[in-house]
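Numbered from 1 within each chain, the chains take letters A, B, ... in sequence-line order.
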Amino acid sequence: MEISLVSGNGITPIPNSQSPLTRSCFPFLPFPFSATAVRPFKNSKFTVFATTTVELNETRNWQRNVPPKSSKIVSLRNKTRQSAILDVQESSDLDSALSRSGGKLKAQDLNVILRHFGKLNRWKELSQLLVGCAKAKDGYSKATELVRELKYHGLQMDSVIYGTLLSVCASNNQCQEAERYFMEMKSEGYSPNVFHYSSLINAYSVDGKYTKADELIQEMKSGGLVLNKVILTTLLKVYVRGGLFEKSRELINKLDKLGYAEDEMPYCILMDGLVKAGKVTEAKTLFDEMKNKNVKTDGYAYSIMISGFCRGGLLQDAKQLASSYEAKYDRYDIVILNTMLCAYCRAGEMDNVMKMLKKVDESAISPDWNTFHILIRYFCKEKLYILAYHTLDDMHKKGHQPEEELCSSLIHYLGKTGAHAEAFSVYNILKYSKRTMCNALHEKILHILVAGRLLKDAYIIIKDNAGSISQSATQKFAVSFMKSGNINLVNDVIKAIHSSGYKIDQKLFHMAISRYVEDSEKKDLLLQLLKWMPGQGYSVDSSTRNLILKKSHLYGCQIVAELLSKQQVVSKTKSRRTRTK
DNA sequence: CTAGGGTTAG
């Protein structure tokens with residue numbers, strides 16, 4: 001199997017290809033992992049991808065250097081407010097930030113801050129979903145805290161602040177809180193407008209609370225408010241989530257009559273609901289109807305149907321629809337591609353998996369986070385662990401952060417199959433992607449490194465993660481290191497495991513000292529160790545002592561005798577202490 | 001200055 005490795009800068013020139021600039025999205029791929037027609041990579045026709053890492057970096061730099069909008073016209077006073085906004089937004093201690101800067105803020109600034117926290121939360125939630133970590137303070141609670149502080153500092157809530165707050169609640173699944181603010185707002189004498197209603201209805205959509213949503217609609221009607229496109233579309237979402245498909249259908253007809261259904265969105269909402277409820281046929285009927293009406297579509301409707309077919313095991317239908325999408329739009333969509341790729345992976349159709357990868361290379365799509373994840377999972381399933389590793393490495397170099405769970409299972413398999421260095425590399429990818437790592441993983445990689453005789457790396461793991469490694473794993477590592485680790489590091493290792501709280505036993509000292517006496521050049525290291533021991537309450541036992549005495553002419557009898565007598569004092573004090581206990 | 005909207009996979 002031939003594997004082309006990714007070079008350090010993330011750009012991989014293809015050997016022997018027509019143009020030196022061309023490169024594949026999957027530089028590590030192909031070597032024939034399928035017995036079929038896939039030729040080795042260097043002769044492959046895989047063309048390249050438009051976006052190189054360099055270009056990406058340039059884009060990022062460019063984005064960083066974009067000057068702030070209309071900075072010239074920001075007055076001095078506005079600048080004060082701007083910096084006050086930033087101060088509050090970026091503070092970890094809201095209370096002190098508000099005492100500092102709160103006085104300079106106006107009502108609209110508070111809205112800016114609220115929105116900021118709202119968005120922050122969305123982002124954090126998303127990353128949490130990926131990361132699987134639940135520790136981050138969310139924007140919702142920040143927003144709530146802010147409101148509390150504002151009230152404390154004597155600021156009046158207004159209709160717009162309530163509007164923002166309701167939308168933050170709604171987009172953070174805080175339905176009850178949204179209700180509470182809605183009531184509070186009313187009790188303060190503000191009458192809710194269409195914005196407030198739409199946020200609250202949106203909050204109800206999460207759990208499909210259609211009864212409550214209907215009540216709000218009635219309330220709006222009796223209050224003389226117009227049911228606009230946003231309100232009705234949000235209501236549709238409530239019905240769909242609530243499983244009221246008949247009612248949803250009627251609502252779409254109503255939207256259509258009002259001219260609110262000229263794009264695919266409402267159809268997508270219902271189709272998605274139908275597909276998720278297992279009603280693929282009904283969804284397809286709606287899809288066809290939508291197409292017959294010449295409703296504008298950007299491809300979402302296709303995505304929903306294709307994934308629906310895949311989920312229902314109707315791979316042929318999915319494939320057909322995917323090709324008709326491709327034919328109609330003359331392009332390919334990353335979501336559709338991932339969906340099909342995933343379906344082929346699940347079905348174990350390796351040839352089709354390869355075809356999809358070729359498609360990625362031939363079209364202008366970049367593989368995304370999902371593409372990599374799907375592939376890595378699939379390669380793991382097929383026990384192609386090294387290939388999975390190269391895919392993960394490439395994913396990392398392209399700036400995607402792989403999931404911890406995926407990494408840890410890959411580490412496990414790589415370790416099991418003897419790919420110790422690769423396992424360590426995955427561990428490092430995870431470690432340096434700035435996220436929290438499960439503590440058990442340190443011990444896991446330690447075992448793998450010891451098994452692979454990568455003892456120097458193992459030593460670093462011990463040193464960096466003393467707190468999360470068990471005594472038995474430390475023992476196993478220490479024995480291995482004393483046996484065959486770098487002799488110049490033996491004392492360092494002993495000190496490191498000692499300061500991690502591990503009690504070093506005679507067996508280890510014996511092993512270490514045996515190695516020193518075998519090599520007369522390591523005399524200084526031996527003396528250093530003997531000097532260190534009594535200060536930590538350690539002493540050598542008689543057999544080790546004899547070992548040293550046999551060679552003491554090499555070290556200078558005087559020094560050795562002195563050191564050993566100091567140790568005897570330690571050992572006597574210790575045994576006396578033990579006896580009195 | 002405040003509102004809604006879809007797809008992968010987990």
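Distance from the side chain of A/Asn338 is smallest to B/dT8 among B/dG10, B/dT8, B/dT7. The listed nucleotides are B/dT2, B/dA3, B/dT7; the one nearest the side chain of A/Val194 is B/dA3. Across B/dT2, B/dG4, B/dG6, the shortest atom-to-atom separation from the side chain of A/Asp272 is found for B/dG6. Ranking B/dT8, B/dG4, B/dG6 by closeness to the A/Ile304 side chain, first place goes to B/dG6. When each of B/dG5, B/dT2, B/dA3 is scored by its nearest atom to the side-chain atoms of A/Val230, the top-ranked nucleotide is B/dA3. Considering only the side chain of A/Lys237, B/dG5 comes nearest among B/dT8, B/dG5, B/dA9.
When the P atom of B/dC1 is taken as reference, atom CD1 of A/Ile161 falls 14 Å away, rounded to whole Å. Atom-to-atom, CD1 of A/Ile217 to C1' of B/dG4 comes out at 12 Å; the value is rounded to the nearest Å.
For A/Phe287, the ring-ring contact (aromatic ring centres under 6.0 Å, His included) partners are A/Tyr302, not counting sequence neighbours.
Counting non-hydrogen atoms under 4.0 angstrom, A/Glu405 reaches nothing in the nucleic acid.
Not one side-chain nitrogen or oxygen of A/Ser307 sits closer than 4.0 Å to the OP1 or OP2 atom of B/dT7. At B/dT8, one or more side-chain N or O atoms of A/Arg311 fall inside 4.0 Å of OP1 or OP2 (strictly under the cut-off). At the phosphate of B/dA9, neither OP1 nor OP2 sits under 4.0 Å from any side-chain N or O atom of A/Asn370. OP1 and OP2 of B/dA3 both lie 4.0 Å or more from every side-chain N or O belonging to A/Lys229. In this structure, A/Arg346 reaches the B/dA9 phosphate: one of its side-chain N or O atoms is under 4.0 Å from OP1 or OP2.
Between A/Lys293 and A/Glu289 there is a salt bridge, since at least one side-chain N of the basic residue sits less than 4.0 Å from a carboxylate O of the acidic one.
In this structure the side chain of A/Ile376 never reaches within 4.5 angstrom of the side chain of A/Tyr385, judged on heavy atoms.
Taking the six-membered ring for Trp and the full ring otherwise, the centers of A/Phe182 and A/Tyr197 sit less than 6.0 Å from each other.
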